[in-house]
Amino acid sequence: MGIIGDIFGFIATPLYYAISAVLIAWHKLLTMIGLDPEGGAVWVLSIIGLTLVIRAALIPLFVKQIKSSRNMQLIQPKVKELQKKYGHDRERLAQETMKLYKETGTNPFASCLPILLQMPIFFTLFHLLNEAAKDGTPHGLLTRSLAQDFGEAELFGRLPISATFVNSDGHIGVMVLAAFLVVAMTATTFLTQRQLMSKNMPADALSGPYAQQQKMLLYVLPLVFAVGGIAFPIGVLFYWTTSNVWTMGQQFYVIRNNPAPGTPAFAAKQERDKVKAARKGEPVASEVVEAAPETPAERRAAQRQQPRKQTRQQRKSSGGQRPAGGTTEGGKQK
């Protein structure tokens, strides 16, 4: 298989056990409530259950992604200042920009992490289903009997979940379902990214390198999924579509309840809070717009500007009045 096959095998082996364990657990649970253990519905629902478990496990990473994304938006004015100052020196601009990211705890690539972490799971599930469909080859905790059931499962008794749009053997039902899932997967990917850019990005963040990165993701990712999706089995398409729906709902909740300052979502939340307060007869609390994260250098500069406390002798010599500008360490007025 070569070195690439060895690397994939090294990564996939623990994933086979983890994915198959969750699939079997859902399969047993759904069988206990009366679903046909060999039917396609029980396996599709098991795949959806697998998706929910994985996405729940990724919630801490999603929170980190949202925090980093917000920081990226808030520091855009500082990024623009650096661009004006070092625009003639690309190397220095890159160094200063990375320094700013480090000081504010911002990761410009955090938005890609959930997708990157899910890709090995996605391809492992693809391989698990593909091998089971070919000759009932079991992986992980799947027995040969379960692997055969998984590979031969048919949704509605007619649509093999291992079939793809390009490998449907002329089955119209398979082609229609696969096409529907590809469109759903592509649309949810686009709408999720569009939701982030139109609702939760301030005007300052809609230009510059970060905005270009977001715009690229807006159009490139759906295109990749649309082109690649026609070669994915129906069972795998259910996984990715469910994952996208989860992402869209989770992001909607976060944007609605904890929007970034200076964004349309933030203004909409203020209006909702005013209406809610007026309905309850409560005074409307003033909203404080969050400022960009302070860098250590800015904090030190602010600390140096604070006046020092005078001694009793200094107060007597100055008539009891405190100098407006503070004093130096030697007691002399600034």
Side-chain angles (χ1 to χ4, degrees), residues 19 22-23 26-27 30 33 35-56 58 62 114-134 149-198 216-253:
I19 290 172
V22 177
L23 279 176
W26 279 103
H27 184 270
L30 293 168
I33 63 175
L35 292 182
D36 180 7
E38 298 180 4
V42 71
W43 286 108
V44 167
L45 291 175
S46 296
I47 291 172
I48 292 174
L50 168 70
T51 311
L52 299 180
V53 170
I54 291 171
R55 292 314 307 266
L58 290 177
F62 178 80
I115 292 178
L116 292 177
L117 285 180
Q118 284 192 86
M119 293 311 291
I121 299 170
F122 180 80
F123 285 113
T124 302
L125 178 62
F126 174 88
H127 196 253
L128 195 73
L129 180 55
N130 196 43
E131 290 290 301
K134 280 182 178 179
D149 290 344
F150 187 36
E152 297 172 0
E154 295 182 345
L155 194 60
F156 310 123
R158 298 179 58 192
L159 309 177
I161 66 172
S162 60
T164 69
F165 182 88
V166 296
N167 187 24
S168 59
D169 294 329
H171 197 307
I172 299 298
V174 169
M175 295 176 70
V176 170
L177 179 58
F180 171 79
L181 290 173
V182 169
V183 170
M185 180 176 66
T186 304
T188 49
T189 302
F190 178 84
L191 291 174
T192 300
Q193 190 64 22
R194 178 72 176 174
Q195 180 187 54
L196 177 65
M197 294 185 66
S198 63
M216 182 182 68
L217 291 176
L218 176 64
Y219 295 105
V220 171
L221 284 181
L223 181 63
V224 169
F225 288 131
V227 173
I230 60 174
F232 296 145
I234 287 175
V236 177
L237 291 176
F238 269 108
Y239 169 85
W240 203 256
T241 303
T242 304
S243 181
N244 282 355
V245 172
W246 173 291
T247 300
M248 191 163 59
Q250 187 173 245
Q251 185 171 273
F252 174 81
Y253 176 83

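Keep in mind that what you see is a predicted model, and the values were worked out from it rather than measured.
Aromatic ring orientation, Tyr219 versus Phe190: tilted (interplanar angle from 30° to 60°).
Listed by chain and residue number, Trp240 satisfy the ring-ring contact (aromatic ring centres under 6.0 Å, His included) test with Phe225 (two or more places apart in sequence, or in another chain). By the side-chain contact (heavy atoms from CB on, under 4.5 Å) test, Gln251 pairs with Phe62, Thr192, Gln195, Leu196, Ile255, sequence neighbours left out. Partners of Trp26 according to the side-chain hydrogen bond (donor to acceptor under 3.5 Å, both in side chains) rule, which considers only residues two or more places apart in sequence or in another chain, do not exist here. For Tyr239, the ring-ring contact (aromatic ring centres under 6.0 Å, His included) criterion is met by no residue, not counting sequence neighbours. In terms of the side-chain hydrogen bond (donor to acceptor under 3.5 Å, both in side chains) criterion, residue partners of Thr188 (sequence neighbours excluded) are, by chain and number, Asn244.
Between Leu129 and Pro233, the shortest heavy-atom contact is CD2-CB, 3.7 Å. When all heavy atoms of Ile230 and Val227 are compared, the pair lying nearest together is CG1-O, 3.3 Å. Across every non-hydrogen atom of Gly151 and Ser162, the tightest pair is O-OG, 3.4 Å. The shortest non-hydrogen separation linking Pro160 to Val174 is CD-CG2, 3.8 Å. When every heavy atom of Ala56 is checked against every heavy atom of Trp246, the shortest pair comes out as N-CZ2, 3.9 Å. Here the closest heavy-atom approach between residue Thr241 and residue Ala184 is recorded as CG2-CB, 3.9 Å.
The line from OG of Ser243 to CG of Leu58 is 8.0 Å long, rounded to the nearest 0.5 Å. Atom CD of Glu131 is separated from atom CZ of Phe126 by 10.0 Å, given to the nearest 0.5 angstrom. Taken from CD1 in Ile234 to OG in Ser168, the straight-line distance is 9.0 Å, to the nearest 0.5 Å. Note that CG of Leu128 and OG1 of Thr124 are 8.5 Å apart. Values are rounded to the nearest 0.5 Å. A distance of 10.5 Å separates CG in Leu125 from CG in Asn130, rounded to the nearest 0.5 Å. Residue Thr189 holds its OG1 atom at 11.5 Å from CG of Leu223, rounded to the nearest 0.5 Å.
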Walk me through it: do Phe232 and Val182 pass the test side-chain contact (heavy atoms from CB on, under 4.5 Å)?
-> CA-CA 9 Å; Phe232 296 145; Val182 169; over 6 Å; no
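Side chains of Thr164 and Val236 form no contact here, defined as non-hydrogen atoms less than 4.5 Å apart. Side-chain atoms of Gln250 and Thr247, non-hydrogen and from C-beta on, never get closer than 4.5 Å to each other.
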Under 3.5 Å, side-chain donor or acceptor atoms of residues 38-54 against the rest of the protein: list the pairs with distances, not counting sequence neighbours.
{"from": "Ser46", "atom 1": "OG", "to": "His27", "atom 2": "N", "distance (Å)": "3.4"}
{"from": "Ser46", "atom 1": "OG", "to": "Val42", "atom 2": "O", "distance (Å)": "2.7"}
{"from": "Thr51", "atom 1": "OG1", "to": "Ile47", "atom 2": "O", "distance (Å)": "2.8"}

